[in-house]
Amino acid sequence: MARKRGGSGAKNGRDSNPQYLGIKAGEGKRVKAGTIIARQRGTKIHPGSHVGCGGDYTLFALVDGTVAFTERRGRKLATVIPATVAVE
């Protein structure tokens with residue numbers, strides 16, 4: 001007797017690795033340049049001022065500052081308010 005099924009029932013026995021998507025730095029969080037703000041599939045959130053977008057649509061900070069999420073023309077935007085301008 002075989003221990004594993006050799007037929008068609010063995011086709012779906014694998015699991016995929018998690019992708020760890022989502023917001024990594026929330027509203028009001030202080031970030032340094034290069035910090036990942038959000039990992040996503042497609043532009044669910046668009047890059048605003050001082051935010052870059054990677055080839056896999058990852059949003060990251062271009063300057064040190066504070067994260068803010070806004071909306072313009074029905075699009076969600078992630079922006080970074082530079083540390084020299086940020087008011088606390």
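Remark: Glu71 engages no residue in a side-chain hydrogen bond (donor to acceptor under 3.5 Å, both in side chains) (not counting sequence neighbours). Legend: residues meeting side-chain hydrogen bond (donor to acceptor under 3.5 Å, both in side chains) with Arg73, ordered by chain and number and at least two apart, are absent. With sequence neighbours excluded, the residues satisfying side-chain contact (heavy atoms from CB on, under 4.5 Å) with Ile36 are Lys24, Arg39, Thr58.
We find the CG-OG1 distance between Leu77 and Thr43 to be 10.5 Å, quoted to the nearest 0.5 Å. In this structure, OG on Ser49 lies 8.0 Å from CD1 on Ile81, to the nearest 0.5 angstrom.
Contact between Val51 and Ala78 at its shortest, heavy atoms only, is CG2-O, 3.2 Å. Shortest non-hydrogen contact noted between Lys32 and Ala61 is O-CB, 3.7 Å. The nearest pair of heavy atoms linking Gln40 to Leu59 is NE2-CG, 3.7 Å. When all heavy atoms of Ala38 and Ile23 are compared, the pair lying nearest together is CB-CD1, 3.9 Å.
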Checklist entry - Can you list the steps and then say if Ile45 with Ile37 is a side chain to side chain contact (heavy atoms under 4.5 Å, CB included)? => result CA-CA 10 Å; Ile45 303 169; Ile37 297 170; over 6 Å; no
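Linking ILVMFWY residues whenever their side-chain heavy atoms come closer than 4.5 Å, directly or via other members, places Val63 and Val31 in the same cluster.
With a 6.0 Å radius and a threshold of 12 heavy atoms from other residues, nucleotides or ligands, Arg72 has its CZ atom at or below the threshold. Phe69 CZ: more than 12 foreign heavy atoms inside a 6.0 Å radius.
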